[in-house]
Amino acid sequence: MSKKIYIGLFVGITTGAAVSIFLNLKRNERLFSLEDLGGENEMLDKANHFLLLARNKVEEMVLEAQQRSSSIIQEAGKLLLLSKQKTSEMHQKLLAGENEEAEKIKADLDELILEFKNKL
């Protein structure tokens with residue numbers, strides 16, 4: 001056989017062995033990193049724990065949002081009823097020619113609406 005064939009075989013075997021050793025080390029490195037993290041089961045337990053905490057937090061946030069929206073709706077209903085009454089009073093005052101009293105009612109109504117907007 002010629003020298004080129006021997007050199008080719010030597011380079012091929014050396015390269016194959018090097019790649020095999022490299023891949024084996026890479027696989028072992030990955031296994032060690034899993035063990036460093038406590039193994040697959042512990043990682044799953046930690047992930048489950050994290051998901052449960054996240055779920056509980058989201059449920060609390062949803063409940064709080066429901067309560068807040070309910071109170072806002074109730075307060076808006078009260079403000080609407082009061083606005084109807086004040087508007088009716090203001091209309092009566094304007095018909096009676098009591099423009100100053102009507103302006104006071106309008107200013108009070110504007111203040112109530114502004115307070116409600118600021119709460120939002």
Side-chain angles (χ1 to χ4, degrees):
M1 290 194 174
S2 82
K3 286 183 178 180
K4 290 182 181 179
I5 291 177
Y6 288 122
I7 292 173
L9 282 173
F10 178 73
V11 170
I13 291 171
T14 307
T15 305
V19 168
S20 174
I21 291 171
F22 177 73
L23 290 176
N24 192 22
L25 287 175
K26 195 68 170 168
R27 187 179 69 85
N28 286 339
E29 185 178 299
R30 192 178 323 128
L31 290 176
F32 289 132
S33 67
L34 283 177
E35 289 173 4
D36 291 342
L37 293 174
E40 217 173 285
N41 287 336
E42 190 170 326
M43 286 174 45
L44 289 173
D45 288 342
K46 287 179 182 178
N48 281 337
H49 179 70
F50 176 75
L51 288 174
L52 285 174
L53 288 176
R55 180 180 176 202
N56 289 339
K57 183 65 175 173
V58 168
E59 287 175 353
E60 287 174 13
M61 291 170 63
V62 167
L63 183 60
E64 184 180 318
Q66 286 174 340
Q67 292 171 349
R68 181 165 162 77
S69 65
S70 177
S71 70
I72 288 173
I73 289 172
Q74 288 177 354
E75 196 170 331
K78 290 176 185 177
L79 181 62
L80 181 62
L81 182 62
L82 185 61
S83 297
K84 287 179 182 180
Q85 292 171 350
K86 294 283 187 179
T87 304
S88 178
E89 283 180 40
M90 188 171 65
H91 182 70
Q92 294 299 324
K93 298 288 182 183
L94 286 173
L95 288 177
E98 300 173 4
N99 293 341
E100 287 182 20
E101 292 294 322
E103 286 297 321
K104 286 181 185 177
I105 293 172
K106 183 182 181 300
D108 289 343
L109 189 57
D110 288 340
E111 187 177 323
L112 289 172
I113 292 171
L114 184 61
E115 286 176 14
F116 180 73
K117 284 182 181 180
N118 289 337
K119 286 182 182 179
L120 296 177

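Numbering of residues begins at 1 and proceeds along the displayed sequence. As the structure is a computational prediction, the values presented were derived from the model and not from experiment.
Glu59 CD: more than 12 foreign heavy atoms inside a 6.0 Å radius. Applying the 6.0 Å contact sphere to CD of Glu100 captures no more than 12 heavy atoms from other residues, nucleotides or ligands.
A salt bridge does not link Lys104 to Asp108: none of the charged side-chain nitrogens sits closer than 4.0 Å to a carboxylate oxygen. The residues Glu89 and Lys93 are annotated as not salt-bridged, no charged nitrogen and carboxylate oxygen being separated by less than 4.0 angstrom.
Atoms OG and CG, from Ser83 and Leu112 in turn, are 7.0 Å apart once rounded to the nearest 0.5 Å. Rounding to the nearest 0.5 Å places CG of Asp45 at 7.5 Å from CD of Glu42. Here the CD1-CG distance, from Ile73 to Leu80, works out to 13.0 Å after rounding to the nearest 0.5 Å. Here Glu101 contributes atom CD and Leu94 contributes atom CG; the two are 11.0 Å apart, rounded to the nearest 0.5 Å. The CD1 atom of Ile105 sits 12.0 Å away from atom CG of Asp110, with the distance rounded to the nearest 0.5 Å.
With sequence neighbours excluded, the residues satisfying side-chain hydrogen bond (donor to acceptor under 3.5 Å, both in side chains) with Lys119 are Glu75.
Side-chain atoms of Leu52 and His49, non-hydrogen and from C-beta on, never get closer than 4.5 Å to each other.
Residues near Leu114 contribute nothing to a hydrophobic cluster around it, because no ILVMFWY side-chain heavy atom sits closer than 4.5 Å to its side chain.
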Q: Evaluate side chain to side chain contact (heavy atoms under 4.5 Å, CB included) for Ile72 paired with Arg68, printing each intermediate quantity in order.
A: CA-CA 6 Å; Ile72 288 173; Arg68 181 165 162 77; 3.9 Å; yes
Q.
The test is side chain to side chain contact (heavy atoms under 4.5 Å, CB included); show your working for Leu63 and Gln66 and say whether it passes.
A. CA-CA 5 Å; Leu63 183 60; Gln66 286 174 340; 3.9 Å; yes
